[in-house]
2 protein chains.
Amino acid sequence: MSHPNITIMLVDDHPLLRKGVVQLIELEDNLQVVAEASNGEEAIQKALEFNPDLILLDLNMKGLNGVETLKSIKQSGAQSRIIMFTVSDSEADVLQALKAGVDGYILKDSEPEELIEHINNAMRGDLVISAPLTQVLAKSLRPKVESDSILDKLTNREQQILRYISQGDSNKIIARKLDIAESTVKVHVKNLLKKINLRSRIEAALFVVENKLF
Amino acid sequence: MSHPNITIMLVDDHPLLRKGVVQLIELEDNLQVVAEASNGEEAIQKALEFNPDLILLDLNMKGLNGVETLKSIKQSGAQSRIIMFTVSDSEADVLQALKAGVDGYILKDSEPEELIEHINNAMRGDLVISAPLTQVLAKSLRPKVESDSILDKLTNREQQILRYISQGDSNKIIARKLDIAESTVKVHVKNLLKKINLRSRIEAALFVVENKLF
DNA sequence: ACAAATCTACCACCTTAGTGGTAGATTATT
DNA sequence: AATAATCTACCACTAAGGTGGTAGATTTGT
């Protein structure tokens with residue numbers, strides 16, 4: 001099954017944990033730990049030296065943290081797939097890692113079989129994520145509840161115009177689309193900015209997308 | 001354990017499936033199906049009539065689809081928690097439902113015990129999502145690969161300024177932050193807009209957040 | 001050491017955005 | 001029927017954004 005002989009580098013500042021994972025991995029015929037590192041700098045250097053197929057990277061390390069290390073390794077041109085292997089299920093950590101382009105995010109409290117399965121899936125090209133993170137991810141995609149009330153403050157016309165602003169339209173273009181005068185558009189923009197207490201249409205546009213208002 | 005006596009409405013256009021789910025649910029002491037509907041319109045009406053604690057809503061129905069029905073029920077002021085119960089694991093469907101504010105998204109091929117557990121968790125206030133959707137959600141949070149190459153076209157300074165633009169800063173403020181003249185900032189803005197072929201800083205800001213560039 | 005790219009700065013000019021005010025027409029609300 | 005809110009429109013003015021050009025200083029690559 002799965003990939004023939006996958007080479008792996010382990011990055012974690014706890015020797016005991018590395019030992020455990022190595023033992024687990026070496027039980028699999030097709031998996032082989034070819035390098036270990038105990039911090040980010042070492043990881044970056046060894047990634048180039050050993051060019052492993054896959055890197056299991058701890059998130060919380062002294063010195064360079066996981067995300068910084070990840071970015072460096074990616075930038076260095078190494079072809080390794082990189083998986084975060086960490087205890088943190090905090091939204092910020094998960095999102096940061098995803099945005100930095102990890103190929104997987106696995107929690108350390110996963111079952112051993114799960115870890116092995118995830119490794120194999122990652123080498124198949126999947127983006128692997130520990131199942132318990134589903135909630136975390138879903139939440140970050142949801143609109144904030146509070147922001148609804150802000151929309152309520154705006155009249156229909158203002159909401160409509162805010163929608164166009166958040167698409168990057170200029171006042172002139174909005175006027176054309178709504179078939180009203182540009183001066184009228186300006187009035188609405190002025191009023192809606194005041195209502196939601198923002199200083200410019202850019203802030204308004206960013207506000208819309210960040211809060212997923214529409 | 002968990003909630004005492006949860007009232008549930010089932011919405012699905014397949015009578016057989018409803019039958020099966022009803023039987024499953026009625027096995028639980030604290031769960032009770034108080035209403036069924038076979039389409040969106042009926043669901044909206046009965047949501048108000050029976051005011052169930054929880055609504056299991058099919059996504060693909062004739063007439064009003066699940067998301068539209070969801071929005072209507074929410075707007076009508078019903079207090080019910082609403083869970084999508086569907087076969088679709090497509091990214092578009094999941095995201096649409098989340099943005100519309102569902103309280104859960106459960107796949108129909110879940111194990112019966114899972115469904116029961118999800119229902120109870122949802123009533124505790126959790127956002128419940130079937131585990132197999134983790135990948136789907138994670139992917140939608142990732143930056144698009146192609147957009148990296150666009151960043152490569154920009155010089156360091158231009159990237160830096162684009163970052164500020166995407167935070168809503170004006171040229172004047174950017175100049176202050178970088179301790180350079182506003183006229184210089186304008187030069188960089190002019191050049192970066194030309195390079196990524198956009199017409200205004202708003203489009204640039206939106207481009208950044210939509211592609212999760214930083 | 002030289003060329004190319006980048007960063008800096010200024011200028012003039014035009015466009016777009018935002019503010020303050022007035023004011024008529026339409027739509028809800030009471 | 002009367003009031004309030006909203007939508008429409010215009011004006012004048014200030015601020016901010018964007019374009020085109022020139023040009024010196026610095027960094028990078030060869």
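Residue numbers begin at 1 in each chain, while the letters A, B, ... track the order of the sequences.
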Measure from [atom1] on [X] to [atom2] on [N] and round the result to the nearest Å.
X        : N      : atom1 : atom2 : answer
B:Glu182 : D:dG18 : CD    : C1'   : 12 Å
B:Lys195 : D:dT19 : NZ    : C1'   : 17 Å
B:Leu178 : C:dC7  : CG    : C1'   : 12 Å
B:Glu203 : D:dG17 : CD    : P     : 15 Å
B:Arg199 : D:dT19 : CZ    : C1'   : 15 Å
B:Ile173 : D:dA16 : CD1   : P     : 9 Å
A:Ile174 : D:dC7  : CD1   : P     : 15 Å
B:Lys194 : D:dG17 : NZ    : P     : 19 Å

Anything under 3.5 Å between a donor and an acceptor, one on a side chain of residues 82-89 of chain A, the other on a protein residue two or more places apart or in another chain? List them.
from	atom 1	to	atom 2	distance (Å)
A:Thr86	OG1	A:Ser88	N	3.0
A:Ser88	OG	A:Ser90	N	3.2
A:Ser88	OG	A:Asp93	OD2	2.5

Subject >> 5' priority, DNA chain C, between B:Ile202 and B:Ala181 [closest heavy atom] >> reply: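 Closest to the 5' end, via its nearest nucleotide, is B:Ala181.
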**OP:** Go through D:dA9, C:dA17, D:dG18 for me and flag the one nearest to the A:Ser170 side chain.
**Re:**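 From the listed options, C:dA17 comes nearest.
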Original post:
Are B:Arg201 and D:dG18 close enough that a side-chain N or O sits under 4.0 Å from OP1 or OP2?
Top reply: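 Yes, B:Arg201 has a side-chain N/O under 4.0 Å of OP1/OP2 on D:dG18.
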Subject >> side-chain N/O B:Asn171 vs D:dG17 OP1/OP2, d < 4.0 Å >> reply: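 Checking D:dG17 against B:Asn171, a side-chain N or O does come within under 4.0 Å of OP1 or OP2.
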Can you find a side-chain donor-acceptor pair between [X] and [Y] that sits under 3.5 Å?
X        : Y        : result
B:Gln45  : B:Glu41  : no
B:Asp53  : B:Thr7   : yes
A:Ser72  : A:Glu68  : no
B:Gln159 : B:Thr155 : no
B:Gln160 : B:Arg163 : no

**OP:** Measure from the side-chain N and O atoms of A:Glu28 to the backbone N and O of A:Ile25, and report whether any donor-acceptor pair falls under 3.5 Å.
**Re:**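 Judged by distance alone, no pair lies under 3.5 Å.
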Original post:
What does the inter-axis angle of the helix from C:dA1-D:dT30 to C:dT30-D:dA1 come out as, five pairs per end, nearest 10 degrees?
Top reply: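 Comparing the first five pairs with the last five, the axes sit 60° apart.
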Subject >> side chain to side chain contact (heavy atoms under 4.5 Å, CB included) between B:Ile161 and B:Ile165, worked out >> reply: CA-CA 6 Å; B:Ile161 285 176; B:Ile165 288 178; 4.2 Å; yes
**OP:** With a 4.0 Å heavy-atom cut-off, tell me which residues in residues 154-165 of chain B come close to DNA chain C, sorted by residue number.
**Re:**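 Residues of residues 154-165 of chain B that come under 4.0 Å of DNA chain C are, in numerical order, B:Thr155, B:Asn156, B:Arg157.
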**OP:** Could I get the full list of side-chain hydrogen bond (donor to acceptor under 3.5 Å, both in side chains) partners for A:Asn121, not counting sequence neighbours?
**Re:**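 Here the qualifying residues are A:Arg124.
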Original post:
Residues in side-chain hydrogen bond (donor to acceptor under 3.5 Å, both in side chains) with B:Glu36, at least two apart?
Top reply: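 Partners of B:Glu36 under the side-chain hydrogen bond (donor to acceptor under 3.5 Å, both in side chains) test: B:Arg18.
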Subject >> Residue-level proximity of residues 183-190 of chain A to DNA chain D when a heavy atom falls under 4.0 Å >> reply: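 The answer is A:Ser183, A:Thr184, A:Val187, A:His188.
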Original post:
Can you name the closest pair of heavy atoms from B:Gln32 and B:Asn5 and give their distance?
Top reply: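 Closest heavy-atom pair between B:Gln32 and B:Asn5: OE1-ND2, 3.5 Å.
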Original post:
So do B:Ile8 and B:Val34 actually touch side chain to side chain, heavy atoms under 4.5 Å?
Top reply: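 B:Val34 vs B:Ile8: side chains apart.
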